[in-house]
S.K.: 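Input: one structure, supplied below.
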Amino acid sequence: MYALCDVSAMYASCEKVFDPSIRKKPVVVLTNNDGCICATCPVARKMGIGKSFVPYFTVKDELAAMGVVIRSSNYELYADLSQRLMDTCARFAPDHHVYSIDECFLYFGSYIPDAGWQAHAKTIRRTVWKEVRLPIGVGIGPTPTLAKAANHASKRIEGFNGVAVIDNNAVRRRVLKQMAVVDIWGIGRRLARRLNEMGIETAWQLAESKPALMRKHFSVLVESTVYELNGITKLSWDDVRSPKQQIYSTRSFGERVTDKSILRQALLSHVTIAASKLRRQQGLVKTIQVFVSNSPHDRDSFYRKSVTHQFLTPTSDTSVIANTVSGLVENLYRQGVHFYKCGVGLIELVDAAQYQADLFSLSTDNALLMQCMDSINARYGRNTVHIAGQGTTPQYTMKREFLSPQYTTRLEGLPRILCD
DNA sequence: TCTGGGGTCCTAGGACCC
DNA sequence: TCTGGGGTCCTAGGACCC
């Protein structure tokens, strides 16, 4: 059996943990640079504020009129609470996999809890609330896709109250019949529309359809989904937690950038982020892609440029990659462009353990230095030591106008308890 | 006054070569 | 008279997820 645990409106829920004054108010959290809405708490959702990823400025006045509390993304806080959440969830299964900042899969293998699945799921939910003060939904099912569906039911279907277990056909049927096809894991807006045109509206109808036919009309992925909805595992545990095939770090700027050296600094900090993720999964990169662009919303004509670079010897050394990227900036930069976004992608990866080195090309990686850097940063914070090319103080800013304190990671952010 | 997220994977199609 | 293949590499863009 598999379980999927995820936090309801993660970012909004995190904001409420250390600030009792907003617990009963509608809260909305914005993405980087306060661009879009990315999380809406249940109170706000009840008021009809449901749509994620609408640009904030288009609904700003409306939200203000409704008395909605606005927060910028406070990643330091969310990452720290996420860590605590994952530590707690991990205790309840032999194996776990962190799927995103607010979700994890648990894999039980042959393990069966003494108290039964329903009770086990309730215990997970209650323990997380007690220890981390985050509201989670727990879904359990025989395949990852059904665990996801159960999780959906736990939060969205009447009568489940945060916990759903699909362990027999009656429940499976009940859940899938009340679930729109678009809410199935892996079925997006577009596929859903095409399925609807074929008369398939609910998850149950998709489960009942012929797998081979779905493969013919769509892809093997949709075919696998049909099997998974019927309890036949197509996504093995190894698939669920397989290492990334590509790693990206990209970000938009708070203010447009026109200076070449600032663009370079930003790209080099993306190298730092991406390379450390790469080392975490014990990978080496063969091909990188670096891109810069202005905004399609700006009046200027659209400018986007990307270059790819192949390394003779695969590497995971931040300074080796940074040197290359630094050189590529000359190709990417253009005078007069108002840069809005840039990023670095590690697009062709190999497993460090399996890589067969070439006899004549010697790696210049300084593994010991990287190890040292990673362990210092793991302990004292992400940018405690970094390459000089990133600059000592970032010259580009991120707009975070409504930022809450970093309650758990900075002394000056420590919550205060006032006594009358 | 102006404002528009970030990440991963996949594929169609163009350029180039033989 | 008219026609015309197949592989590799690269890029842009789309789909999906959170």
Side-chain angles (χ1 to χ4, degrees), chain A residues 4 6-14 28-40 51-61 70 72-73 75 78-79 82 98-105 137 144-145 148 151-152 155 181-195 218-222 225 239-240 242-256 270 273-274 277-278 281 286-291 293-299 302-310 332 338 340-349 397-402:
Chain A
L4 183 83
D6 86 332
V7 181
S8 331
M10 168 79 172
Y11 296 176
S13 297
C14 288
V28 151
V29 181
L30 308 179
T31 57
N32 273 339
N33 293 320
D34 297 339
C36 295
I37 291 178
C38 71
T40 311
K51 276 199 203 128
S52 272
F53 303 108
V54 294
Y56 171 55
F57 75 92
T58 61
V59 290
K60 185 177 172 183
D61 295 340
I70 309 293
S72 303
S73 282
Y75 281 104
Y78 312 152
S82 172
V98 176
Y99 180 70
S100 73
I101 194 164
D102 75 323
E103 287 179 72
C104 69
F105 277 103
T145 306
K148 267 272 195 186
N151 177 278
H152 172 85
K155 294 183 296 185
V181 93
V182 75
D183 291 325
I184 301 169
W185 192 32
I187 307 292
R189 229 182 41 242
R190 209 187 143 101
L191 275 175
R193 200 170 59 221
R194 286 170 62 196
L195 285 164
F218 303 98
S219 65
V220 276
L221 268 98
V222 180
T225 301
D239 293 330
V240 170
S242 61
K244 308 247 175 298
Q245 293 175 43
Q246 298 185 331
I247 296 170
Y248 275 87
S249 176
T250 68
R251 207 124 303 167
S252 51
F253 297 110
E255 284 167 25
R256 305 286 184 264
H270 290 308
I273 293 168
K277 284 185 187 171
L278 176 67
Q281 71 172 41
K286 271 162 88 175
T287 311
I288 59 168
Q289 182 178 56
V290 187
F291 80 90
S293 81
N294 64 2
S295 166
H297 304 295
D298 283 357
R299 252 185 230 143
F302 187 55
Y303 177 82
R304 183 186 197 275
K305 190 154 184 198
S306 76
V307 283
T308 55
H309 173 89
Q310 300 232 9
L332 297 166
H338 298 87
Y340 158 73
K341 194 173 184 174
C342 69
V344 171
L346 314 180
I347 57 172
E348 203 187 344
L349 309 181
T397 54
M398 186 155 81
K399 204 170 132 198
R400 297 205 287 185
E401 207 178 313
F402 315 102

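Note that the structure is a prediction, hence the values are computed from the model and not measured.
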S.K.: Tyr99(A) side chain: which of dG4(B), dC17(C), dC16(C) is closest?
M.R.: dC17(C)
S.K.: Would you call the rings of Tyr11(A) and Tyr78(A) parallel, tilted or perpendicular, where under 30° means parallel and over 60° means perpendicular?
M.R.: parallel
S.K.: Is any side-chain nitrogen or oxygen of Ser306(A) closer than 4.0 Å to OP1 or OP2 of dA12(C)?
M.R.: yes
S.K.: For Gly254(A) and for Arg251(A), locate the closest nucleotide of DNA chain B by heavy-atom distance; then report the residue assigned to the nucleotide nearer the 5' terminus.
M.R.: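 The residue closer to the strand's 5' end, by nearest nucleotide, is Gly254(A).
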S.K.: Between His297(A) (NE2) and dG5(B) (C1'), how many Å, whole number?
M.R.: 11 Å
S.K.: Does Thr308(A) make a side-chain N or O approach to OP1 or OP2 of dC9(C) shorter than 4.0 Å?
M.R.: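 Thr308(A) to dC9(C) OP1/OP2: no side-chain N or O under 4.0 Å.
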S.K.: Regarding Ile101(A), tell me which of base, sugar-phosphate or nothing describes its non-hydrogen contacts under 4.0 Å with the strands shown.
M.R.: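 Nothing, no heavy atom under 4.0 Å.
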S.K.: Taking atom C1' of dG14(C) as reference, at what distance in whole Å does atom CZ of Phe218(A) sit?
M.R.: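 Answer to the nearest Å: 16 Å.
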S.K.: Going by purine N1 to pyrimidine N3 plus the second Watson-Crick contact, or the G-U wobble pair, all under 3.5 Å, which nucleotide sits opposite dC17(C)?
M.R.: dG6(B)
S.K.: Establish, with yes or no, whether the OP1 or OP2 oxygen of dG7(B) is under 4.0 angstrom from a side-chain nitrogen or oxygen of Thr250(A).
M.R.: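 Result: yes.
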S.K.: About how many Å separate NE2 of His297(A) and CZ of Phe302(A), when rounded to the nearest 0.5 Å?
M.R.: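 Interatomic distance, Phe302(A) CZ to His297(A) NE2, rounded to 0.5 Å: 9.5 Å.
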S.K.: What's Gly345(A) touching, base or sugar-phosphate or nothing? Going by heavy atoms closer than 4.0 Å.
M.R.: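 Nothing, no heavy atom under 4.0 Å.
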S.K.: With rounding to the nearest 0.5 angstrom, report the CD to CD distance, Gln245(A) to Glu348(A).
M.R.: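 Rounded to the nearest 0.5 Å, the CD-CD separation comes to 11.0 Å.
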S.K.: Could you pick out which residue, Lys277(A) or Arg256(A), lies toward the 5' side of DNA chain B when each is mapped onto its nearest nucleotide?
M.R.: Arg256(A)
S.K.: Measure the CG-NZ distance between Leu278(A) and Lys244(A) for me, rounded to the nearest 0.5 Å.
M.R.: 12.5 Å
S.K.: It should be established whether Gln246(A) places a side-chain nitrogen or oxygen under 4.0 Å from OP1 or OP2 of nucleotide dC10(B).
M.R.: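 Result: no.
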S.K.: Ignoring backbone atoms, establish whether Ser252(A) has a side-chain N or O less than 4.0 Å from OP1 or OP2 of dG6(B).
M.R.: yes
